[in-house]
Amino acid sequence: MTKPKFKTNNQNRNLAGHPILALIDQCSDRSQVKQVHAQMLRIGLFFDPYSASRLITLCTLSTFSPDIEYTRKVFDQIPQPNLYTWNTLIRAYASSPNPTQSILIFSQMLHEFPDPPNKFTFPFLIKAASEICDLRQGELFHGMAIKASLDSDVYILNSLIHFYAACGDLNQAYKLFLKIPKRDVVSWNSMITGFAQADCPDEALELFREMEEENMKPNDVTMVSVLSACSKKSNLAFGRWVHSYIEKNGIEESLILNNAILDMYIKCGSLEEAKRIFDKMPERDPISWTTMLVGYTSFGEFDAAHHVFNEMPSQDIAAWNSLISAYEQSGQPRQALAIFHELQLSKKAKPDQVTLVSTLSACAQLGATDLGGWIHVYVKKQGLKLNCHLTTSLIDMYAKCGDLEKALEVFQFAERKDVYVWSAMIAGLAMHGRGRDAIDLFLDMQEAKVKPNEVTFTNVLCACSHAGLVEEGKLYFNQMLPVYGIAPQMKHYGCMVDILGRAGLLEEAMELIEKMPIVPGASVWGALLGACRTHGNIGLAEQACNRLLELEPRNHGAYVLLSNIYAKFGKWDGVSRLRKLMRDSGIKKEPGCSLIEVDGVVHEFLVGDNSHSLSKMIYSKLDEIASRLKLIGYVPNKSQLLQDVEEEDVKEQALFLHSEKLAIAYGLISTNPPAPVRIVKNLRVCGDCHSVAKLISRLYDREILLRDRYRFHHFKGGHCSCMDYW
DNA sequence: CTAGGGTTAG
């Protein structure tokens, strides 16, 4: 748009130091800004470009920032904006919620304004490009700066370092850093921060060392990033050294720096020292409080965390999120949902993407389909942006709740798909036994030029394992290092042993373990042990179990698996020896537990549970099922009973009280077809329950979706999607 | 004009 062409009054230049400008700095809300604006218009001060820019800057201060539209209107009224004014507006948008606007303003300026951008314009533009992580856009600005011979300006170079690092191109950032003839402290800080934030704490600390060597004096900003690198390394001794360095070298104290020190002590595991710092901080903000809150949750002290939460002067959404996330991450999804519920009722803060990501994860853990679906609707209704985090969580939630179609739908319509989104979808297909589709998706992902990471490979190998794709598994495993540059880690070896072991290639699995360049861990021996059970190899099983127990003496799973194998071969002396061992060392089997969501409420069943309000009905349903099964010749698979070596009285009845059977019975009572009965079990489903679920799906003509610790089972018409191979 | 702290996904 074109501006009205007023002649700028010469007098205005004298007005630049007008007392009303002093008022600008004292404005604390919008109405005061408007008053100043009006006064400036009245006395003509507004038409002085410098004064108008001061007003624009004021409009963009953080407390007024939601009002960027107002800023824009002010700008549009300026008759002849000069370069300074344009720059001010570009800066305002660069740090606004909509940085793209800053680039649009810039192109408008190129059209309407005769002078080329100057050395002040570029740092703002480059910041905008960093904010939106637009690598191509930033490279364009970089090129323009070179053409304008501004590429030796240290401000522009520092902005570029930050930009390349923020976009993930650390190499380019470092190249520029090395090329700067006279680095200032900001150059060092930008590079150190770049490394610290990109999860390269060693590089960050090394650079800090070099900085010292070159006698460049660090400031408070430097130390914040150095502390952040310490936190990532969880190295308490070094963290303490940095803390004392700050005190000895007279680094200026600031709220941000104190918060970083707090965070360092928390992440390095010293709640005590964090508390001491917190107590003597001269000033605290919500970040200080939230850091302490997270500190308590990370030590499992949830009561103390709630206390901090209640004590803090105001609970912003990040504080709520910390609580929700802490519960979700510590395997307490029900508590996470309870906090989410409380947040909704209190209406004290508005759930954001982070809230929903954590809540969706809690839903995924519980198989809480109804709430999960509700959140999806909420996201749409609120017009919240589906970022990659949220997309990933939605896919994961739908997949883990058994609704693979919905997961695929979310995936298909996702605007942006990063490696996490792709990996989550591959994992979803894998857990539903659709190995071929998972591999196809892995290939599509590469067509889309998204680089797989180590998690992608875990999921691909997992898909091969669940679908019995031995050759494919070997192929991708062998390609990892040479083709993708990802060294196989323990979990990849675990998957590979699983793939080979399930296929009965026990010797090959053993060979792989012997040739491993890293010391085989518990997961690898566990996978071998599992394979030995499937294929009944007692000798190898004992070996694997011993190795596993050397590493994890309290791994109850190992005892249970070996005991299963003994039972399968009728080696009762072995079974009772193991049972005694477990009793003597006080190791208990993790209790089996099944969940089922009905009308948005998650019900939990343990073995032989009669705490449910409809317990009587559930048990009579079980009796009915039992007699109908007997009629069609079902014989209980008693060897499975020994899975629970704690059980003294081996009775047929006990087998029928497994938690998944109770949950299925309740599902049959309380839900109606065609909806499937959806169950989530914390352990691997037992063989007898698996056969019973198949029979029920036929007898009652009812689909059953059972998620166990490792994968999904779709029971339908007497068959299971896992093809009895799990 | 450039750099910094708490909450998120596999």
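Residue numbers begin at 1 in each chain, while the letters A, B, ... track the order of the sequences.
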Chemist: Going by 5.5 Å between centroids and 30° between planes, is there a stack of A:Phe120 over B:dC1?
Modeler: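 Whether judged by distance or by angle, A:Phe120 falls short somewhere, so it does not stack on the base of B:dC1.
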
Chemist: Just to be sure I understand the rule, does A:Asn87 reach a base, reach only the sugar-phosphate, or reach nothing, if contact means heavy atoms closer than 4.0 Å?
Modeler: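 No contact.
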
Chemist: Grab the CD1-C1' distance between A:Ile261 and B:dG4 for me, whole Å please.
Modeler: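 Result: 13 Å.
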
Chemist: Which of the following nucleotides, B:dT7, B:dG10, B:dT2, is nearest to the side chain of A:Val354?
Modeler: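 Ranking B:dT7, B:dG10, B:dT2 by closest atom to the A:Val354 side chain puts B:dT7 first.
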
Chemist: Any donor-acceptor pair under 3.5 Å between the side chain of A:Asp285 and the base of B:dG6?
Modeler: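 Looking at the base of B:dG6, it does not pair with any donor or acceptor on the side chain of A:Asp285 (distance under 3.5 Å).
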
Chemist: Please step through side-chain hydrogen bond (donor to acceptor under 3.5 Å, both in side chains) for the pair A:Thr85 and A:Asn82, ending with a clear verdict.
Modeler: CA-CA 5 Å; A:Thr85 329; A:Asn82 58 17; 2.5 Å; yes

Chemist: Side chain of A:Asn321, base of B:dG6: donor and acceptor closer than 3.5 Å?
Modeler: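 No pair found.
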
Chemist: Please work out if A:Ile161 contacts a base, only the sugar-phosphate, or nothing of the nucleic acid, heavy-atom cut-off 4.0 Å.
Modeler: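 Touches nothing.
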
Chemist: With sugar-phosphate meaning primed atoms plus P, OP1 and OP2, does A:Ala196 contact a base, only sugar-phosphate, or nothing at under 4.0 Å between heavy atoms?
Modeler: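 Touches nothing.
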
Chemist: For the side chain of A:Ala424, starting at C-beta, report the closest nucleotide among B:dG10, B:dC1, B:dT7.
Modeler: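 That would be B:dG10.
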
Chemist: Ignoring the backbone of A:Lys267, work out which of B:dT2, B:dG6, B:dA9 is nearest its side chain.
Modeler: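 Looking only at side-chain atoms, A:Lys267 lies closest to B:dG6.
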
Chemist: OP1 or OP2 of B:dT8 less than 4.0 angstrom from a side-chain nitrogen or oxygen of A:Ser325, does that happen here?
Modeler: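 True: A:Ser325 side-chain N/O within range (under 4.0 Å) of B:dT8 OP1/OP2.
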
Chemist: Can you measure A:Trp320 atom CH2 to B:dT8 atom P for me and round it to whole angstrom units?
Modeler: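 From A:Trp320 CH2 to B:dT8 P: 17 Å.
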
Chemist: Distance criterion of 3.5 Å, no angle test: do you see the side chain of A:Ser423 paired donor-to-acceptor with the base of B:dG10?
Modeler: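 When only heavy-atom distances are counted, A:Ser423 does not reach the base of B:dG10 through any donor-acceptor pair under 3.5 Å.
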
Chemist: Just by distance, with hydrogens left out, do A:Asn189 and A:Asn158 show a side-chain donor and acceptor under 3.5 Å apart?
Modeler: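 No, because no side-chain N or O of A:Asn189 sits under 3.5 Å from a partner of the opposite role on A:Asn158.
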
Chemist: At under 4.0 Å between heavy atoms, what does A:Asp153 touch on the DNA or RNA strands: base, sugar-phosphate, or nothing?
Modeler: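 Result for A:Asp153 = nothing.
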
Chemist: Across the strands shown, which category fits A:Asp316 at heavy-atom distances under 4.0 angstrom: base, sugar-phosphate, nothing?
Modeler: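 Result for A:Asp316 = base.
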
Chemist: So which nucleotide from B:dA3, B:dG10, B:dG4 ends up closest to the side chain of A:Lys400?
Modeler: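 Of B:dA3, B:dG10, B:dG4, B:dG10 is nearest to the side chain of A:Lys400.
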
Chemist: Can you check whether any acceptor in the base of B:dA9 is under 3.5 Å from a donor in the side chain of A:Asn387, or vice versa?
Modeler: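 Answer is no: no donor-acceptor pair is held.
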
Chemist: Name the nucleic acid region contacted by A:Asp418, choosing base, sugar-phosphate or nothing; use a 4.0 angstrom heavy-atom cut-off, strictly under.
Modeler: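 Base, at least one base heavy atom under 4.0 Å.
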
Chemist: With a 3.5 Å distance limit and no angle check, can you tell me whether A:Asn310 reaches the backbone of A:His306 through a side-chain donor-acceptor pair?
Modeler: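 The answer is yes, because a donor-acceptor pair under 3.5 Å joins these two groups.
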
Chemist: Tell me what A:Thr290 touches on the nucleic acid: a base, only sugar-phosphate, or nothing, going by heavy atoms under 4.0 Å.
Modeler: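 It contacts base atoms.
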
Chemist: Would you classify A:Asn258 as touching base, sugar-phosphate or nothing, given that sugar-phosphate means primed atoms plus P, OP1 and OP2, and contacts are heavy atoms under 4.0 Å?
Modeler: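 Answer is nothing: A:Asn258 stays at 4.0 Å or more from every strand.
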
Chemist: Are the side chain of A:Ser393 and the backbone N or O of A:His389 linked by a donor-acceptor pair below 3.5 Å?
Modeler: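 Yes, the answer is positive, given that a donor and an acceptor are paired below the 3.5 Å cut-off.
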
Chemist: Keeping A:Asn459 on the side-chain end and A:Ser423 on the backbone end, is there a donor-acceptor pair under 3.5 Å?
Modeler: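 Pair found, side chain donor or acceptor close to backbone of A:Ser423.
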
Chemist: Counting only side-chain heavy atoms from C-beta out, which of B:dC1, B:dT7, B:dA9 sits nearest to A:Phe124?
Modeler: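 Looking only at heavy atoms from C-beta outward on A:Phe124, the closest nucleotide is B:dC1.
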
Chemist: Is A:Glu415 atom CD crowded by more than 12 heavy atoms from other residues, nucleotides or ligands, each under 6.0 Å away?
Modeler: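 12 or below, so no.
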
Chemist: Using a 4.0 Å heavy-atom cut-off across all strands, classify A:Tyr420 as base, sugar-phosphate, or nothing.
Modeler: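 Base contact.
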
Chemist: What's A:Ser254 touching, base or sugar-phosphate or nothing? Going by heavy atoms closer than 4.0 Å.
Modeler: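 The answer is base, as A:Ser254 lies within the cut-off (heavy atoms under 4.0 Å) of a base atom.
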
Chemist: A:Lys127 side chain N/O closer than 4.0 Å to the phosphate oxygens (OP1, OP2) of B:dA3?
Modeler: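 Affirmative; the distance criterion is met.
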
Chemist: Starting at CG of A:Leu262 and ending at C1' of B:dG4, how long is that distance when rounded to a whole Å?
Modeler: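 It works out to 15 Å between those atoms.
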
Chemist: Using a cut-off of 4.0 Å on non-hydrogen atoms, how would the nucleic acid contact of A:Ser190 be classed: base, sugar-phosphate, or nothing?
Modeler: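 Touches sugar-phosphate only.
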
Chemist: For the rings on A:Phe75 and A:Trp86, is their centre-to-centre separation under 6.0 Å?
Modeler: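 Yes, the ring of A:Phe75 comes within the 6.0 Å limit of the ring of A:Trp86, centre to centre.
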
Chemist: When you check the phosphate oxygens OP1 and OP2 of B:dA9, does a side-chain N or O of A:Gln353 lie under 4.0 Å from one of them?
Modeler: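 Negative; the distance criterion is not met.
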
Chemist: Categorize A:Gln329 for me: base, sugar-phosphate, or nothing, with a 4.0 angstrom heavy-atom threshold over every strand shown.
Modeler: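 Sugar-phosphate: the residue A:Gln329, judged by heavy atoms under 4.0 Å, touches backbone atoms but no base.
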
